[in-house]
Enquirer: 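Got a structure for you, questions after.
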Amino acid sequence: MTTSIIVDTQRTVTPLWPVPQERRVVTVLFADIVGSTALVDRLDPEDVRALQRAYFDTVAGVLHRWHGVVEKYIGDAVMALFGARHSDGFDAYRAVRAGLEIQAALDRRPMVDGIKLRVRVGVATGEVVVDLGDVVTGGHGVASGAVITTAARLQEYAAPGAVALCAATARATAGLITQRQLTPVPVAGRVPPVPVWHAVGPVRPGADRHDGPLIGRRRELATIRDQLGAAIRNRTPRWISLVGPTGSGRSRLLHELTRGLTTVDGLPVRWCVATCQPYPDQVLAPVAHLLRGLAGIRHSDGPAAVHDRLVAALTPLFPPTRVATAVPALQRMLTTPDGSAAALAGAAICREALLRLAAHRPLIVAVDDLDRAAPAVSRFLHALFGAATERGLPLALLTVHQPQWADTRPGPARQMTIGPLATVQSGRLLRHLLTRAGQPVALVDRLLPLVGGRPGHATAYVTSLVDGADPAALPLPEAVRRAVGAELDHLDGERRAVLMAAGTLGGLISGAAVDRALGWRPGRSASALRKLVAAGLLLPHHVDGYAFAAPALRQVAAERLPRALRAVFQRRAAGATHLDTVHRETDPAAGAVNGSAARSAEIVRLDTVGARTGRLDAVFAALAPAGPGGATGPTALRRGSPSPTMATRPAASGPDADRTAGPRRLRAVASAGDVPPTPAAAVSRPALGAGGNPFRDPGRPAAPIRPTPASSAGHWTLADAGTPRGVVRAIPRPPLVGPLEGLPASA
């Protein structure tokens with residue numbers, strides 16, 4: 001068939017992100033008409049043209065509704081990408097739902113001469129390189145990778161009207177899509193044969209299993225119980241939100257609350273809980289879920305059973321005439337919970353039923369994963385909360401969502417942020433999960449630094465081991481990669497750039513290194529770093545810089561960058577000046593110190609240290625090594641540090657000790673202008689005023705600090721009457737009993 005291109009008039013705007021390409025895990029859908037050649041041969045060219053338009057319009061409409069991007073049309077085949085620019089963690093699910101819906105949409109649309117088109121659909125998930133600026137309908141060559149060929153080959157093994165899935169897609173949609181595994185099929189160039197699954201349909205929503213012990217979260221549970229109890233006891237409705245990233249244990253906390261909080265002051269509490277599935281078929285599906293819980297309706301109940309259960313639930317709340325009119329409206333909403341007037345009328349009756357139930361007994365309405373719900377659900381909850389507040393009912397509203405969800409809660413709402421587990425708690429959880437899975441408990445030490453305090457990540461790693469992952473390599477589980485990738489894609493262009501550049505840096509992250517990696521002016525990344533801390537993606541370090549809140553986030557952020565750009569970022573950042581970093585210089589003109597030849601000096605930027613703390617202890621902490629028991633600063637020096645000098649590196653031991661031991665010279669540099677022209681000095685810091693640094697006299701140049709060999713006294717001070725003006729010599733003498741002249745007493 002002749003190719004027909006449909007151009008998307010609403011072109012996606014390129015984000016403020018300095019990388020034109022990314023390595024991304026996407027899902028590719030490939031759809032092809034069954035028997036197209038024989039069909040075209042028997043039709044008039046004008047009929048072929050009309051059939052083409054109807055076919056392409058229908059398929060493109062379904063793909064766009066499920067947020068897919070039509071990458072190209074190849075004859076009568078269509079290739080679409082899901083997650084090419086933005087991922088929500090459910091790219092594979094949306095692709096499979098689109099594939100299942102395409103056939104139904106073609107059956108509903110009238111074709112030329114009553115022709116029924118049948119299509120085969122293949123869906124594959126894998127890594128590609130994506131041109132971000134071309135992720136639009138008709139943007140040919142957007143993605144490159146083997147997964148595209150895999151999707152095309154899979155559709156050949158799908159029955160007419162069916163959707164074939166690769167192994168990665170089947171794993172990504174497990175629990176969301178009913179699947180049927182087929183016999184592995186041979187694919188050209190692939191050895192061994194490729195396993196294939198057929199998608200049957202979406203899975204009905206169900207409650208997650210939480211069968212293990214709860215570890216940690218006692219403080220959060222107690223706080224939320226107190227809030228809910230106060231709302232019921234004082235008849236002052238409260239809206240409480242549990243906020244945390246995917247894998248933080250939000251749903252588990254809700255489960256513990258529903259199981260543990262059953263009475264308040266001896267009064268039984270009624271819970272009505274709804275879970276928002278990803279992309280529900282109808283916008284009011286969570287409200288229908290609440291109604292089913294209220295009336296005890298099961299999905300397997302027939303119309304007669306639904307009618308009887310609704311009558312039994314409403315009879316104590318409404319007069320008989322009202323029950324007679326309300327039950328049919330509620331049945332219609334349960335059948336079709338869309339945004340129609342009839343469904344909205346049923347939702348209003350459901351809201352009134354909840355309010356009347358709260359007037360009889362305390363009620364807690366909980367909605368899990370509210371960030372997945374449509375705005376109609378938020379409006380329903382707001383109306384429920386407002387009416388309960390006006391009537392003074394013992395009702396509490398508990399919602400669970402991710403941090404990036406738009407906050408539409410009312411003013412009196414309380415928010416409980418679910419942070420990472422403590423290290424001890426993460427270790428206990430890992431030991432429990434490994435024992436239950438029959439895995440070696442010794443793997444706790446390997447897994448502990450990878451899970452980042454998130455229970456969901458711990459479960460995913462243990463599950464991957466059960467599924468055959470190599471314990472020596474411990475690759476990032478697919479479920480964790482999807483969730484973390486969605487967190488990354490929720491960021492705007494600048495924060496995303498900062499996070500991805502920071503992912504290429506080792507150790508602590510400094511703003512100077514990020515600016516250098518991205519080629520930005522100094523200080524430009526400071527605002528983005530603060531926002532990332534506020535979003536819970538970075539953690540401020542107690543000394544200087546930032547650390548990733550989740551180790552998986554660093555890995556995913558770095559791996560998104562193409563290899564060449566990753567190397568460029570690392571090379572740029574290697575030349576950035578880091579706070580408290582010691583650099584070497586060679587001073588051949590230096591004289592002897594106490595009869596020993598001067599060795600290479602180590603330069604320490606004292607003005608930056610003084611700017612950060614303004615305290616003498618901080619200066620010593622920057623210069624002195626850790627003392628016994630990990631002590632630093634003047635205390636460590638007074639205790640007699642084993643190092644004979646103020647060098648920031650411990651003295652060498654062993655055969656080469658004589659060659660490296662001995663005094664070394666430290667030069668205190670007060671500003672970037674005093675630093676020798678090295679690449680590390682390219683990033684400058686703001687100069688201090690006269691009072692910003694206790695060691696800096698604005699009328700004289702920075703003084704080098706020349707240590708002398710340690711004596712038995714083991715105490716250090718900054719005074720030497722025999723030292724020329726401008727030079728401060730560190731010599732042994734009794735410890736200071738009061739502040740130095742010109743320093744605050746607290747120094």
Side-chain angles (χ1 to χ4, degrees), residues 205 207 228 231 236-243 250-251 254 258 270-297 299 306 310 313-314 317-318 322 325-360 362-402 405-415:
L228 296 174
T236 55
R238 295 189 182 184
W239 187 320
I240 303 170
S241 289
L242 299 182
V243 182
R250 303 166 311 185
S251 298
L254 175 60
T258 58
R270 176 69 182 271
W271 284 83
C272 287
V273 183
T275 300
C276 301
Q277 291 292 103
Y279 298 95
D281 292 330
Q282 308 291 344
V283 296
L284 291 176
V287 179
H289 193 180
L290 283 175
L291 179 59
R292 287 191 178 92
L294 174 65
I297 299 173
H299 285 283
V306 170
L310 286 174
L314 297 183
L317 306 177
F318 294 98
R322 180 62 171 152
T325 58
V327 168
L330 293 176
Q331 283 184 296
R332 285 193 296 270
M333 190 196 71
L334 289 174
T335 303
T336 311
D338 55 11
S340 64
L344 291 174
I349 298 172
C350 177
R351 180 171 59 248
E352 183 62 26
L354 292 172
L355 292 170
R356 296 197 177 203
L357 179 61
H360 286 77
L363 176 66
I364 302 176
V365 177
V367 181
D368 196 4
D369 292 317
L370 184 57
D371 48 293
R372 301 178 184 173
V377 178
S378 294
R379 291 192 292 269
F380 173 87
L381 296 176
H382 274 271
L384 176 67
F385 184 78
T389 303
E390 291 177 0
R391 303 182 192 183
L393 299 176
L395 180 144
L397 199 57
L398 185 62
T399 56
V400 182
H401 59 83
Q402 297 191 46
W405 180 62
D407 190 0
T408 60
R409 299 166 303 139
R414 277 80 169 173
Q415 178 170 307

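Only a predicted model underlies this, so the values are computations on that prediction, with no experimental measurement involved.
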Enquirer: L330 and side-chain contact (heavy atoms from CB on, under 4.5 Å): which single residue from L294, V306, L314 fits?
Expert: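 Of all the options given, the one that passes is L314.
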Enquirer: Should L398 and L242 count as side-chain neighbours, where that means a heavy-atom distance under 4.5 Å?
Expert: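 A side-chain contact under 4.5 Å exists here.
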Enquirer: Less than 4.5 Å apart, any side-chain heavy atom of L355 and any of E352?
Expert: yes
Enquirer: Between V283 and V377, is there a side-chain heavy-atom distance shorter than 4.5 Å?
Expert: no
Enquirer: Measuring only between side-chain heavy atoms, which start at C-beta, is V287 closer than 4.5 Å to R351?
Expert: no
Enquirer: Please round to the nearest 0.5 Å and tell me the distance separating atom CG of D368 and atom NE2 of H401.
Expert: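 Going from the CG atom of D368 to the NE2 atom of H401 covers 11.0 Å.
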Enquirer: Could you tell me which non-hydrogen atom of F385 sits nearest to which non-hydrogen atom of W239, and how far apart they are?
Expert: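 The pair with the smallest heavy-atom distance is CE1-N, 3.5 Å.
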Enquirer: For side-chain contact (heavy atoms from CB on, under 4.5 Å), just list the numbers for H360 and R270, CA-CA rounded to whole Å, side-chain angles, deciding distance to a tenth of an Å, and then say yes or no.
Expert: CA-CA 10 Å; H360 286 77; R270 176 69 182 271; over 6 Å; no
Enquirer: Would you name the heavy atoms of T275 and H289 that are closest together and state the gap between them?
Expert: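 T275 and H289 have their closest heavy atoms at N-ND1, 3.1 Å.
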Enquirer: Cut-off 3.5 Å, side chains only: do T336 and D338 have a donor facing an acceptor?
Expert: no
Enquirer: Quick check for you: to the nearest 0.5 Å, what is the distance between L228 atom CG and I364 atom CD1?
Expert: 4.5 Å
Enquirer: Side chains of L310 and L291, heavy atoms from C-beta outward: is any pair under 4.5 Å?
Expert: yes
Enquirer: Starting at CZ of R414, measure out to CG of L397 and round the result to the nearest 0.5 Å.
Expert: 12.5 Å
Enquirer: Can you check salt bridge (charged side-chain N to carboxylate O under 4.0 Å, His left out) on R250 and D369, steps first, answer last?
Expert: CA-CA 9 Å; R250 303 166 311 185; D369 292 317; 3.2 Å; yes
Enquirer: Do you know the tightest heavy-atom contact between L334 and A288?
Expert: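 Looks like CD2-O, 3.7 Å.
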Enquirer: Verify side-chain contact (heavy atoms from CB on, under 4.5 Å) between R332 and T335, making sure each step is shown before the conclusion.
Expert: CA-CA 5 Å; R332 285 193 296 270; T335 303; 5.7 Å; no
Enquirer: If you compare all heavy atoms of W271 against all heavy atoms of A366, which two are closest, and at what distance to 0.1 Å?
Expert: CZ3-CB, 4.1 Å
Enquirer: Please lay out, stage by stage, how L284 and L344 fare under the test side-chain contact (heavy atoms from CB on, under 4.5 Å).
Expert: CA-CA 8 Å; L284 291 176; L344 291 174; 3.9 Å; yes
Enquirer: Applying side-chain contact (heavy atoms from CB on, under 4.5 Å) to V367 and F380, what does each step give before you reach the verdict?
Expert: CA-CA 12 Å; V367 181; F380 173 87; over 6 Å; no
Enquirer: So which heavy atom on C276 is nearest to which on P286, and how close?
Expert: SG-CG, 3.6 Å
Enquirer: Give me the atom names and distance for the closest heavy-atom approach of M333 to A347.
Expert: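 Closest approach of M333 to A347, heavy atoms only: SD-N, 3.4 Å.
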